[in-house]
Trainee: 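One structure, pasted below without further comment.
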Amino acid sequence: MKRVPMTLQLSVILFCIMAVPIAILTWYSSEQILENSEQTIVKTALAELNTNQMLMERSMNYLSNHTVALTSTNTFDRIQQLLSFAELNSNLTHVMNARIVQRELMQLKRQDNSVYSAFFYLNDADYVISTDKGVTKLDNYESIDWMEGALEERRGIRGVWYARKLDSGVHVLSYILPLNKLSTNTNGTIVVNLLESEFESYFHTSDIGKQEAMVIHSNGTILSHSDKRFLLEEGMKQPILKEIFESNANEGYVLKEVDGERTLYTWTQSKKTGWVNVGVYAMEEFMETAQMLQRNIVVLTMFIVLAGIILTIILAIWLSKPARKLVQHLSSKTNLKIKGKNELAFLDQAFQAMQEKEESLHYMLRIHERDSHSLAIHHLLRGESSLHVKHIFSKACFLVAVVSIDQYTNYVSKYNTETRDYHRFIFHLHCEDLFPENVIARCVYQGDGCFAIIINYEHREEKSDSDLHKTFKKIRNKAEELLKHSVTIGVSSPAVKMEMVSSRFAEAMEVIKYRMIKGSGGITYWDKKADHEQKYIYPSNSERRILNFIDNGDLASIVKELKVISEEIRSAAYVSYDNILFIYYHLVGSCIKHVRESNVSIAKIYTGNGNIYTVLSSIDTLEELENYLFTFFEDMIQHLKKPTDRTNDYRERILNYLDEHYCKEINFQEMAAEIGISYSYMRRIVYEETGQSLIDHLNKRRIERAKQMLVETNLTIGEIAFEIGYKNAQSFNRFFRKFEGMTPSHYKQMRL
């Protein structure tokens with residue numbers, strides 16, 4: 001798109017803005033037209049079906065009422081005793097009475113043109129009186145055996161309707177009405193045959209789209225149908241009719257599509273007879289007008305879109321004219337080498353280049369300003385003031401605070417250089433913002449996990465001391481949140497001259513050392529009353545006792561004596577940090593010297609533990625010193641007391657443990673406790689046996705297993721890493737490269 005001319009882009013945008021809504025509106029309106037037309041057709045079809053059903057029921061009621069009215073006369077009583085055809089013809093009176101019955105039946109037939117015929121059968125007689133064959137013997141008339149089955153559906157005293165086919169092939173709906181003793185003493189049955197073709201005319205009109213009409217009995221028999229082949233058939237054989245019956249709805253409709261043609265089935269059920277009247281319509285014929293209207297809308301929309309295209313091109317040319325002129329001007333006045341771009345991309349890239357240059361200048365200015373501030377503050381902490389630093393700190397009073405990361409060696413081991421740099425950067429940003437607005441605070445990093453904060457404020461007040469203490473708490477909490485590590489804060493005494501800042505910085509650094517006794521994570525202020533010049537103390541008696549305990553192998557007594565020393569330090573009025581380090585340096589040195597005099601190799605005892613004095617100097621608190629010295633003397637006593645076979649037993653148990661668990665995450669402290677030795681002693685045994693540290697030996701075992709799996713299995717790098725105990729593929733790759741000098745995938749390619 002960046003190479004497409006702006007005029008064309010605007011044309012496309014304007015066209016989409018216009019054409020898309022029009023297309024959506026056209027689609028929506030046409031769909032609504034079709035949907036509304038469809039609903040209207042359905043409602044009309046159902047209304048027609050209900051109207052036809054009402055006409056049919058009215059005609060049936062008319063015929064049945066006249067038939068019932070005929071039974072209430074004494075017409076049939078005239079022949080109630082004449083059970084044989086011969087007796088009926090025995091005299092003229094009997095014949096005339098039979099003719100009267102026939103005349104009444106004829107009168108009933110004339111009242112409705114749809115009546116095909118009617119007859120009367122006297123129970124147990126051997127003749128019938130009919131409108132089509134007159135008075136004739138039963139044997140000469142059509143069989144009436146069907147009446148017994150038809151009357152099984154009769155409920156009450158009213159007649160029943162029954163569909164059948166006459167011997168002549170004519171389909172009729174017969175109304176069968178047995179005479180009622182409430183109106184006459186004659187036992188007989190009147191049958192009125194209604195032409196099915198006339199009956200079907202109620203539901204078959206000449207409307208466009210109507211294909212079929214049918215009436216179905218509640219038992220599923222088709223009573224009337226446009227196609228006479230289906231008369232008296234089982235309607236449930238047709239899936240659509242079965243679906244209609246199973247719906248149990250009094251009326252409704254179904255749309256079916258077969259071979260691309262949609263057909264509408266509507267139905268309504270008579271409450272009086274229970275018959276279901278069904279109409280079938282071809283929807284395409286009904287929808288022809290709506291579809292034509294839809295096509296007209298589409299054509300009109302296309303015409304509007306075509307006109308819109310012309311309009312959008314004109315508008316695009318007009319709107320892009322200023323941009324084109326601006327591009328021409330910039331191209332002629334600047335050295336921007338931008339080719340193959342449209343106007344918008346050219347302007348965007350040009351302004352972006354200008355913005356980058358501006359940001360680069362601002363960034364360089366900020367870096368220069370920050371570096372100059374930091375340099376001036378570093379000089380001030382060393383006692384060198386400058387005009388620049390006087391511009392930074394314009395208030396009367398000064399205070400120096402040092403924020404020191406506790407157990408800095410552990411912190412360094414947890415985070416890489418980039419992460420530590422980020423921590424320092426983010427701490428600088430937040431630290432200075434935590435001070436009140438009337439206080440100037442500048443923070444610089446002094447190295448070894450220490451941040452120096454120079455605080456510059458107006459006249460000292462009691463309220464300001466409490467406010468500053470709250471700020472120091474916020475700094476401590478924020479540092480722990482950002483660094484994921486605890487910090488200790490040391491605060492100097494106040495100064496009223498800038499030249500005194502360097503000495504106050506020394507005070508704050510000295511106060512930090514108080515955590516050796518007070519513990520980590522505190523906020524400590526310089527105490528003027530403390531005797532900082534007091535002479536060093538040293539527990540000589542404790543040293544002599546510890547040397548005796550070493551000779552006796554009494555580790556428990558050594559531990560007790562170490563606690564005596566720490567309690568003595570804590571109970572002193574003032575003990576400097578240097579004095580505490582001197583005590584433990586001298587104690588450790590004396591013990592090492594004592595053991596060497598017994599021809600014991602200290603290197604074998606503390607192999608892999610690093611420089612003991614460096615470790616001591618990195619410890620922050622007395623509790624940590626006590627724990628370290630406990631391990632120090634435990635390793636010493638175990639080495640002095642160990643028999644060779646016991647060491648061999650430990651060695652075998654350690655290696656067996658690693659053989660069984662090297663593919664799992666191992667807690668070495670728990671492993672040492674399970675074997676029954678100290679962690680440092682276990683490390684030394686592994687180093688003596690393998691020449692490797694415990695960590696390296698564990699990883700070497702894992703890499704050897706990984707090399708085997710890379711060649712013998714089809715597992716992925718990530719799956720192999722998980723199988724041998726690494727949490728992710730990155731760690732696996734790092735250790736594999738360390739021991740093999742190549743990546744796992746490269747190793748696999750070489751072997752395969």
Side-chain angles (χ1 to χ4, degrees), residues 362-382 388-389 392-393 395 398-457 464 467-492 501-502 504-515 518-526 618-621:
H362 280 293
Y363 179 74
M364 292 176 64
L365 288 173
R366 288 197 301 269
I367 293 295
H368 178 71
E369 182 181 3
R370 188 179 65 184
D371 290 345
S372 62
H373 285 184
S374 298
L375 182 61
I377 293 171
H378 279 295
H379 287 167
L380 180 62
L381 292 174
R382 292 199 300 266
H388 183 65
V389 83
I392 299 174
F393 302 109
K395 299 184 183 293
F398 291 88
L399 201 66
V400 178
V402 173
V403 179
S404 176
I405 301 175
D406 297 326
Q407 298 179 347
Y408 183 66
T409 54
N410 292 341
Y411 170 77
V412 171
S413 64
K414 285 171 58 178
Y415 302 106
N416 57 33
T417 305
E418 292 80 7
T419 304
R420 297 199 300 273
D421 289 341
Y422 173 74
H423 284 171
R424 289 198 293 270
F425 172 75
I426 201 72
F427 180 75
H428 276 110
L429 290 180
H430 288 86
C431 177
E432 296 177 359
D433 293 338
L434 293 175
F435 284 89
E437 294 182 359
N438 59 343
V439 175
I440 299 173
R442 293 293 181 267
C443 178
V444 292
Y445 184 65
Q446 291 296 109
D448 294 332
C450 289
F451 300 85
I453 307 173
I454 299 180
I455 305 159
N456 185 217
Y457 55 96
S464 65
D467 290 342
L468 285 176
H469 185 70
K470 292 178 182 178
T471 303
F472 291 139
K473 285 184 176 180
K474 292 179 182 179
I475 292 173
R476 180 187 61 188
N477 297 335
K478 196 65 179 180
E480 292 177 355
E481 176 187 342
L482 297 175
L483 306 178
K484 304 294 187 296
H485 213 82
S486 64
V487 297
T488 297
I489 300 177
V491 185
S492 72
V501 168
S502 60
R504 297 301 182 265
F505 173 59
E507 290 180 358
M509 290 297 294
E510 183 66 24
V511 170
I512 284 293
K513 298 177 181 179
Y514 288 179
R515 66 182 164 192
K518 294 187 176 182
S520 302
I523 301 173
T524 308
Y525 294 85
W526 176 263
S618 66
I619 294 175
D620 293 335
T621 64

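Treat the numbers as computed from the prediction; the structure is a model and nothing was measured. Position 1 is the first residue of the sequence; numbering continues from there.
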Trainee: Looking at His430 and Leu482, what are the two nearest heavy atoms and their distance?
Mentor: ND1-CD1, 3.9 Å

Trainee: Tell me every residue that passes salt bridge (Lys or Arg N to Asp or Glu O under 4.0 Å) with Glu481, counting only those two or more places apart in sequence or in another chain.
Mentor: Lys478

Trainee: Looking at side-chain heavy atoms only, is the closest gap between Ile392 and Ile454 below 4.5 Å?
Mentor: no

Trainee: If I take atom CG from residue Leu468 and atom OH from residue Tyr457, how far apart are they, to the nearest 0.5 angstrom?
Mentor: 6.5 Å

Trainee: Do Tyr415 and His485 meet the criterion of a side-chain donor-acceptor pair at a distance under 3.5 Å?
Mentor: no

Trainee: Once rounded to the nearest 0.5 Å, what's the spacing between atom CD1 of Ile475 and atom NZ of Lys470?
Mentor: 14.5 Å

Trainee: Is there a side-chain contact between Arg504 and Trp526 in this structure, where contact means two heavy atoms from C-beta onward sitting under 4.5 Å apart?
Mentor: no

Trainee: Taking all atoms of both residues into account, what is the closest heavy-atom pair of Val400 and Ala508, and its distance?
Mentor: O-CB, 3.7 Å

Trainee: To the nearest 0.5 Å, tell me how far Ser502 OG sits from Glu507 CD.
Mentor: 10.0 Å

Trainee: Mind checking the CZ-CD1 spacing from Arg420 to Ile405? Nearest 0.5 Å is all I need.
Mentor: 9.0 Å

Trainee: Residues two or more places apart in sequence or in another chain: which of them pass side-chain contact (heavy atoms from CB on, under 4.5 Å) with Lys473?
Mentor: His469, Arg476, Ile523

Trainee: If you count heavy atoms of other groups shown closer than 6.0 angstrom to CG of Asp448, is the number above 12?
Mentor: no

Trainee: Taking all atoms of both residues into account, what is the closest heavy-atom pair of Tyr445 and Cys450, and its distance?
Mentor: CD1-O, 3.3 Å

Trainee: With a 3.5 Å cut-off and no angle check, do the side chains of Arg382 and His379 form a donor-acceptor pair?
Mentor: yes

Trainee: Starting at CG of Asp406, measure out to OH of Tyr408 and round the result to the nearest 0.5 Å.
Mentor: 13.0 Å

Trainee: Heavy-atom distance under 4.5 Å between the side chains of Phe393 and Val501, does that happen here?
Mentor: no

Trainee: What is the ring orientation for Tyr411 with His423, classed by angle as parallel under 30°, tilted 30 to 60°, or perpendicular over 60°?
Mentor: tilted

Trainee: Are Gln446 and Leu381 close enough, and set up right, to give a side chain to side chain contact (heavy atoms under 4.5 Å, CB included), and what steps lead you there?
Mentor: CA-CA 10 Å; Gln446 291 296 109; Leu381 292 174; 3.6 Å; yes

Trainee: How long is the straight-line distance from OH of Tyr525 back to CD1 of Ile489, given to the nearest 0.5 Å?
Mentor: 8.5 Å

Trainee: Heavy atoms, side chains only, cut-off 4.5 Å: are Val403 and Phe472 in contact?
Mentor: no

Trainee: Evaluate the criterion side chain to side chain contact (heavy atoms under 4.5 Å, CB included) for residue pair His378 and Val444; output intermediate values, then yes/no.
Mentor: CA-CA 8 Å; His378 279 295; Val444 292; 3.9 Å; yes

Trainee: Checking side chain to side chain contact (heavy atoms under 4.5 Å, CB included) for the pair Cys443/Phe427: CA distance, chi angles, key distance, verdict?
Mentor: CA-CA 9 Å; Cys443 178; Phe427 180 75; 4.2 Å; yes

Trainee: Do you know the tightest heavy-atom contact between Val511 and Gly490?
Mentor: CG1-CA, 3.7 Å

Trainee: Can you list the steps and then say if Tyr422 with Thr419 is a side chain to side chain contact (heavy atoms under 4.5 Å, CB included)?
Mentor: CA-CA 5 Å; Tyr422 173 74; Thr419 304; 5.6 Å; no

Trainee: Do Phe451 and His428 have their ring centres less than 6.0 Å from each other?
Mentor: yes

